[in-house]
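Heads up, the thing below is written out as structure tokens.
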Amino acid sequence: MDKMIYAILSVKNNQEKLNLILVGMNGIAGANLNMVSLDGISAVVSDIRRGELIADKSNALAYAGVIENLAQQFTLLPMRYNSLMESTDSIIKILKRNLNEIQLNLRKVENKCEFGLKIFCNSEKLRAEMKAKSVANTKTPAKPAIENKYSVYRDYLNKKLIEHRSEELLLTHVDKIIQDITTHLAQLNPIHKFKKMTTATNIIDVVFLLEKDKKEDLIHIVKDLQNQYTGLRLMLTGPWPPYNFVDITLK
Amino acid sequence: MYDNVIDQSKDITIVEILDRVLNKGVILIGDIVVTVADIDLVYVGVKLMLSSVETMEQLKSGNSIVEK
């Protein structure tokens, strides 16, 4: 039997509490959950037979469900799906080898949770607006009086120039929104990670790590931003375990 | 309290969960490589749902905050 690791928890003196919680929970395929502990941290694991693990949606959701439930009671580092080790001994060895880094990461996420904010736009409309601005601002050299045969190249270059400037304007617009969000959220003092233009309509994808008790404040701010940017659609998700804020590779 | 702006979009939440659990979190180097017979299905599912998010975006109007 192998061991599937779900999360590494800061347990300190609450091992009994963790034990009680684990008794009432099941892992993937209904497996019992156990803990492997070392110096105030515990890895929550279940037995799994090699080759029996199927990475389908229901198993991935069951895995996430375990992490989610544990995160409501403990500070934890979620493991990526499919984190398997051969035995309890090998888990203890890896915890020991990485103890400092694990403790550092646990301190970083203590009493905090993650939120995601996706900002969608009507990309066609926005691009059309940017293109119109770009056309208005693009001044190309006057046509040569006699070289009409070159106009096809000039038209091509003009088109490319307008496209390029439209993209620049779009990125500037997105940067302005990011700056605005950052300013609005400054009072919550979050750690954040931004991604721009992840899809044609998803212009901003940001994740925040902030203290658990600031959830209502965050919702207020997002609501205000939504009222400010009526042409955009803001979607806030969370609270999540800190998936995006664990910078650790166990070796 | 914020029911008027909370959109209980289950599909989006599932995509978000799968994205996190499959792509984020602590990485374990040297772990056992498992035969993941249906792994393609997971990713196909994610892609389909991402498409539906985009489609939904065009269909829906008004503001929303997705709560898990």
Side-chain angles (χ1 to χ4, degrees), chain A residues 2 5 7-8 48 50-57 59-61 63-65 67-68 77-86 94 102 105 114 116 118 120-122 199-202 216 219-220 222-223 226-227 230 233-246 248-251, chain B:
Chain A
D2 296 315
I5 313 174
I8 298 172
I48 195 144
R50 193 180 295 205
E52 275 188 359
L53 177 63
I54 298 171
D56 61 7
K57 192 172 82 180
N59 277 345
L61 291 177
Y63 187 85
I67 296 172
E68 169 83 31
L77 307 178
M79 297 292 294
R80 191 170 295 197
Y81 186 72
N82 272 354
S83 295
L84 298 184
M85 296 216 70
E86 289 170 345
I94 208 160
I102 290 170
N105 272 266
E114 178 180 316
K118 289 181 187 295
F120 294 94
C121 71
N122 181 335
T199 68
T201 55
N202 185 193
E216 296 296 317
I219 292 176
H220 268 301
V222 172
K223 205 178 166 196
Q226 179 65 86
N227 290 335
T230 51
R233 183 149 177 264
L234 278 63
M235 299 172 71
L236 180 67
T237 63
W240 299 96
Y243 284 98
N244 282 284
F245 295 93
V246 288
I248 179 168
T249 301
L250 301 181
K251 295 169 188 166
Chain B
M1 186 176 179
Y2 299 102
D3 284 352
N4 57 330
V5 292
I6 292 176
D7 176 359
Q8 304 283 354
S9 266
K10 207 171 175 183
D11 283 354
I12 296 173
T13 306
I14 289 171
V15 173
E16 292 279 300
I17 292 170
L18 291 177
D19 179 45
R20 280 173 169 79
V21 87
L22 297 174
N23 300 317
K24 316 288 180 189
V26 179
I27 300 166
L28 183 57
I29 298 287
D31 54 344
I32 296 161
V33 178
V34 184
T35 307
V36 282
D38 286 354
I39 191 77
D40 286 343
L41 283 179
V42 171
Y43 283 104
V44 167
V46 170
K47 281 178 188 165
L48 285 175
M49 282 200 265
L50 281 172
S51 305
S52 71
V53 170
E54 301 232 10
T55 308
M56 192 187 70
E57 169 56 24
Q58 290 166 5
L59 296 175
K60 290 178 96 176
S61 59
N63 52 13
S64 72
I65 293 175
V66 179
E67 187 162 83
K68 291 193 299 168

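All values derive from a computational prediction rather than experimental measurement. Side chains included, hydrogens not; waters and symmetry mates left out as well; all remaining heavy atoms used.
Taken from CZ in B:Arg20 to CD1 in A:Ile67, the straight-line distance is 12.0 Å, to the nearest 0.5 Å. Note that the CE atom of A:Met235 and the CD atom of B:Glu16 stand 8.0 Å from one another [nearest 0.5 Å]. From A:Asn82, atom CG reaches atom CG of B:Leu22 across 8.0 Å, with rounding to the nearest 0.5 Å. From B:Asn23, atom CG reaches atom CG of A:Asn244 across 9.5 Å, with rounding to the nearest 0.5 Å. Within the model, atoms NZ of A:Lys251 and CG of B:Leu28 stand 12.0 Å from one another, a figure rounded to the nearest 0.5 Å.
Heavy atoms closer than 4.5 Å to chain B are found in the side chain of A:Ile94, but not in its backbone. Using a 4.5 Å cut-off between heavy atoms, A:Ile102 does not touch chain B at all.
Partners of A:Tyr63 by ring pair (Phe, Tyr, Trp, His ring centres under 6.0 Å), not counting sequence neighbours, listed by chain and number: A:Tyr6, A:Tyr81.
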From CA spacing to verdict: side-chain contact (heavy atoms from CB on, under 4.5 Å), A:Lys57, B:Ile14: CA-CA 9 Å; A:Lys57 192 172 82 180; B:Ile14 289 171; 4.2 Å; yes

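Of the candidates A:Ile5, A:Asn105, A:Ile248, A:Thr249, B:Val26 forms a side chain to side chain contact (heavy atoms under 4.5 Å, CB included) with just one, namely A:Ile248.
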